[in-house]
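Values reported hereafter were calculated over all heavy atoms of this structure, with side chains retained and with hydrogens, waters and symmetry mates removed. One-based numbering, in listed order, for ligands and for the atoms of each.
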Amino acid sequence: MNQTHGGGSEWTAEGTPGAVDWSAEDMVVVSNRQPFRHDYDEDGEVVVDRPTGGLTAGLSAAVRDSGGTWVAWGDGTADRDVVDENDCVSVPPEADEGDGYTLRRVWLSDEQVEQYYEGFANQVLWPLCHSTMSLVRDDPAYWERYAEVNELFADAVADHARPGGVVWLQDYHFGVAPGLLRDRIPDSTALAQFWHIPWPSWDVFRTCPNGEEVLAGLLGNDLLGFHVPRYCENFVECVEESLDEARVDRERGRIVYDGEVTTLGAFPMGVPVDDIRERASADEARDAAAAFLDEKGVDENNKVVLGVDRLDYTKGIPERLDALERLFDDQPDLRGEVTYVQLGTESRSNIPAYQDLQERVQQRVDEVNERFATDDWTPVVYTTEYVTNETLYGLYRRADVGFVTPLRDGMNLVAQEYVAAQGDGDGVLVLSDQAGAFDYLGEYAVGVTPQDATDTAEGLADALRMAPPERRWRTRALQRRVEANDIDTWMRTAFGAIQAVERRTDAPVGASTSDAGESES
Ligand code: ADQ
């Protein structure tokens, strides 16, 4: 049923990643969220929130080594009080001169946050790109603020971009900035962007308000990266349908628009595999997970099914609870034997769709527990509390099943973290066929269709009853995949492609251009 895709496509990044000399480039990384945030604590002291994710840590190291700058929204309560007259601060705070890098902060008003971030980015682009059109909420002010904030970022970036350097934008908050940057940075500066979420089909994207402007803006990039070839293909389809003047060269993975060339590529993002494996195998992680489960009243002999997500409607958490209910209905012998642990981090709580989701998850957890709980067994343990990385990695390691069932997901790093944390363990990954990660891991995971409670319940039962030899070979095969494509490989492949890209060439599409490149609209 479930096919795997991937390798060999015309959008697959070419070549093996080599050693990249970050110091050879002046790099400017641009993201909505900042890598370091300064806040006042209750005693009025400044405290620093540090990067924990693999991507932020990897990009931080690259910016540091290149002697570059990171540009991001300053959203901390003490952020304004620690920057210099150019809105810059050196991070990490304890770094000696030369060991840190510059963080340039962009300031947003409450209205800008509401209309750019919570508005166009998270109530238009996010639901559209995840093909949940019914959740799109538009307001003309959203686009105005989105364009305005992109302009603020473009101005800030222009202050730091250097000839021969690289500007690397992250994600869907910057659909306009690349087009603006074309005129504001030196021609010899490479301009690249990685789009972390799916790109939908034209049939969905055509409903995007100001969609044409977003496409044109993104074609300001010299290189535009997605996780999987399918998203590149969808993007090209949208360009062909929407921008008459654009010409597509599928063979070379390029689009020429407005006299400039944009190269597209699929760069599947990975996780810091070695680091996760080492930390998940440590006694501290095992003890932290045991203490967590003990505190929640989970019997140490029970099988544990683990979900780890931001509380986002794309992650399919209520649907997962439906499948669990189906499992306990259909397979009563598993009652009392299996505990489903769901970690959910609150996210975008000012947006009504997210408030609704939070309520719905709590309601479904309560319903499943009310139906099946006994005096000494609670089927679902659900918490929104913060857990340390030690506890998280320990839980990955302890869990018999990693339950990763998004309705749609650009990649999904949790699936890869779960596999990486297994070490010599043999936890089974149950994975949605709607996650980008499925293209790389679907062959050895237990694939499920997340909207289908029966299919998902059957997949979960298969995973729970799988014999140890099969568990082991599947785990080893999955581990080889995540090892071959860890975060370091992603950084080097993506950065290698940025360095190799043609910059601002006014090259016409050559004779090899496919006919499909001629727009029909
Ligand atoms: P996200 O939608 O945030 O990312 P994901 O890829 O799963 O989704 O990454 C989430 C990260 O946050 C993981 O590293 C995970 O460990 C951590 N996390 C989530 N919930 C947590 C919890 N409750 N406690 C502790 N840690 C938690 C977006 C796209 C994805 C894409 C990534 C990277 O939506 O499709 O994979 O960017 O490009």
Side-chain angles (χ1 to χ4, degrees), residues 31-33 51-59 121-122 125-132 168-173 193-200 225-228 230-231 266-273 275-276 279-280 285 288-289 292 306-317 320 341-348 354 357-358 361 381-397 399 402-421 429 431-432 434-441 450 482 485-487 490-491 494:
S31 65
N32 177 64
R33 285 268 170 230
T52 49
L55 172 65
T56 316
L59 286 174
N122 282 327
L125 286 177
W126 177 273
L128 261 180
C129 286
H130 290 85
S131 304
T132 42
W168 196 1
L169 301 146
Q170 305 294 320
D171 232 343
Y172 60 99
H173 310 93
Q193 183 159 8
F194 190 77
W195 193 265
H196 290 256
I197 62 178
W199 192 277
F226 296 95
H227 283 295
V228 300
R230 242 175 320 121
Y231 307 155
F267 305 95
M269 186 181 284
V271 298
V273 174
D275 182 55
I276 293 174
R279 292 173 69 179
F292 174 91
L306 179 66
V308 177
D309 306 83
R310 267 187 319 102
L311 287 172
D312 195 296
Y313 50 79
T314 61
K315 302 292 181 184
I317 305 169
R320 222 175 277 172
V341 177
Q342 174 66 53
L343 307 184
T345 326
E346 274 190 36
S347 178
R348 306 175 193 169
Y354 287 77
L357 175 86
Q358 289 167 13
V361 169
V381 168
Y382 167 59
T383 178
T384 56
E385 75 200 42
Y386 171 81
V387 301
T388 62
N389 268 351
E390 257 40 63
T391 308
L392 176 66
Y393 295 155
L395 285 171
Y396 280 145
R397 183 66 192 261
F403 202 15
V404 185
T405 58
L407 305 177
R408 200 109 180 91
D409 214 333
M411 170 53 71
N412 192 292
L413 301 181
V414 170
Q416 302 188 44
E417 290 168 3
Y418 177 72
V419 170
L429 177 65
L431 182 60
S432 158
Q434 295 300 310
F438 188 83
D439 293 22
Y440 302 96
L441 304 179
V482 297
N485 194 46
D486 67 355
I487 184 70
W490 181 83
M491 290 279 300

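Residue-ligand proximity, Y396 to ligand 1, at heavy-atom distances under 4.0 Å covers atoms 16 (O). Residue contact check: L343 has heavy atoms under 4.0 Å from atoms 23 (N) of ligand 1. Interface atoms of ligand 1 facing G410, defined by a heavy-atom separation under 4.0 Å, are 35 (O). In the vicinity of W126, heavy-atom distances shorter than 4.0 Å reach the ligand 1 atoms 34 (O). Residue E417 approaches ligand 1 through these ligand atoms, each under 4.0 Å from one of its heavy atoms: 13 (C), 14 (O), 15 (C), 16 (O). Of all the atoms in ligand 1, the ones that sit under 4.0 Å from a non-hydrogen atom of L392 are 16 (O), 26 (N). Listed by atom number, the atoms of ligand 1 under 4.0 Å from H227 heavy atoms are 31 (C), 38 (O). Every atom of ligand 1 is numbered from 1 in the order shown, and the set under 4.0 Å from a heavy atom of V414 is 7 (O), 15 (C).
Q170 and R33 share no donor-acceptor pair across their side chains, judged by distance under 3.5 Å alone.
Where the criterion is an N or O separation shorter than 3.5 Å, residue side chain and backbone included, M411 meets it with respect to ligand 1.
Residues F194 and H227 place their aromatic rings such that the two centres sit under 6.0 Å apart.
Looking at M269 against ligand 1, only its side chain comes within 4.0 Å, counting heavy atoms. Heavy atoms of F267 found under 4.0 angstrom from ligand 1: none, in either backbone or side chain. Here W195 has no heavy atoms under 4.0 Å from ligand 1, in either its backbone or its side chain. When non-hydrogen atoms are compared, ligand 1 lies under 4.0 Å from neither the backbone nor the side chain of T314.
Annotation: the span from W490 atom CH2 to F267 atom CZ amounts to 9.0 Å, rounded to 0.5 Å. Here the straight-line distance linking atom CG of L343 with atom OG1 of T384 works out to 10.0 Å at 0.5 Å rounding. With values rounded to the nearest 0.5 angstrom, T345 atom OG1 is found 8.0 Å from D309 atom CG. Here the CZ atom belonging to F292 is positioned 7.5 Å from the OG1 atom belonging to T391, to the nearest 0.5 angstrom. How far CZ of R397 is from OH of Y418: 10.5 Å, rounded to the nearest 0.5 Å.
Nearest to atom 5 (P) of ligand 1 among the protein's heavy atoms is L413 N, 3.7 Å. Considering only non-hydrogen protein atoms, atom 36 (O) of ligand 1 sits nearest to N412 N, 2.9 Å. Taking atom 27 (C) of ligand 1 as the reference point, the nearest protein heavy-atom neighbour is V308 CG1, 3.9 Å. The nearest heavy-atom contact from the protein to atom 22 (C) of ligand 1 is T345 OG1, 3.0 Å. For atom 3 (O) of ligand 1, the nearest non-hydrogen atom of the protein is R310 NE, 3.0 Å.
In terms of heavy-atom proximity, Y313 sits nearest to L357 at N-CD2, 3.7 Å.
Under the 4.0 Å distance rule, the nearest protein heavy atom to atom 33 (C) of ligand 1 falls inside the cut-off. When distances from atom 17 (C) of ligand 1 to the protein are checked, no heavy atom turns up under 4.0 Å. Distance remark: protein heavy atom not present below 4.0 angstrom from atom 11 (C) of ligand 1.
When atom types are taken as modelled, the side chain of E385 and the backbone of G344 share no donor-acceptor pair closer than 3.5 angstrom. Side chain of R320 to backbone of P450: no donor-acceptor contact under 3.5 angstrom is found. Using a distance-only test at 3.5 Å, with no hydrogens or angles considered, a donor-acceptor pair links the side chain of Q193 to the main chain of D171. The main-chain N or O of P406 is found under 3.5 Å from a side-chain atom of S432 such that the two form a donor-acceptor pair. Between the side chain of N412 and the main chain of A415, a donor-acceptor pair closer than 3.5 Å is present. Proximity of a side-chain donor or acceptor of N485 to a complementary backbone N or O of P268 within less than 3.5 Å is detected.
Nearest-residue assignment for atom 29 (C) of ligand 1 (options H196, Q416, Q170; heavy-atom criterion): H196. When the options D409, T383, L311, T391 are ranked by their closest heavy atom to atom 35 (O) of ligand 1, first place goes to D409. Among H130, R408, K315, E385, the residue whose heavy atom sits closest to atom 1 (P) of ligand 1 is K315.
Not a single heavy atom of Y418 sits less than 4.0 Å from an atom of ligand 1.
Taking 4.5 Å as the limit, some side-chain heavy atom of L59 sits within range of a side-chain heavy atom of M491.
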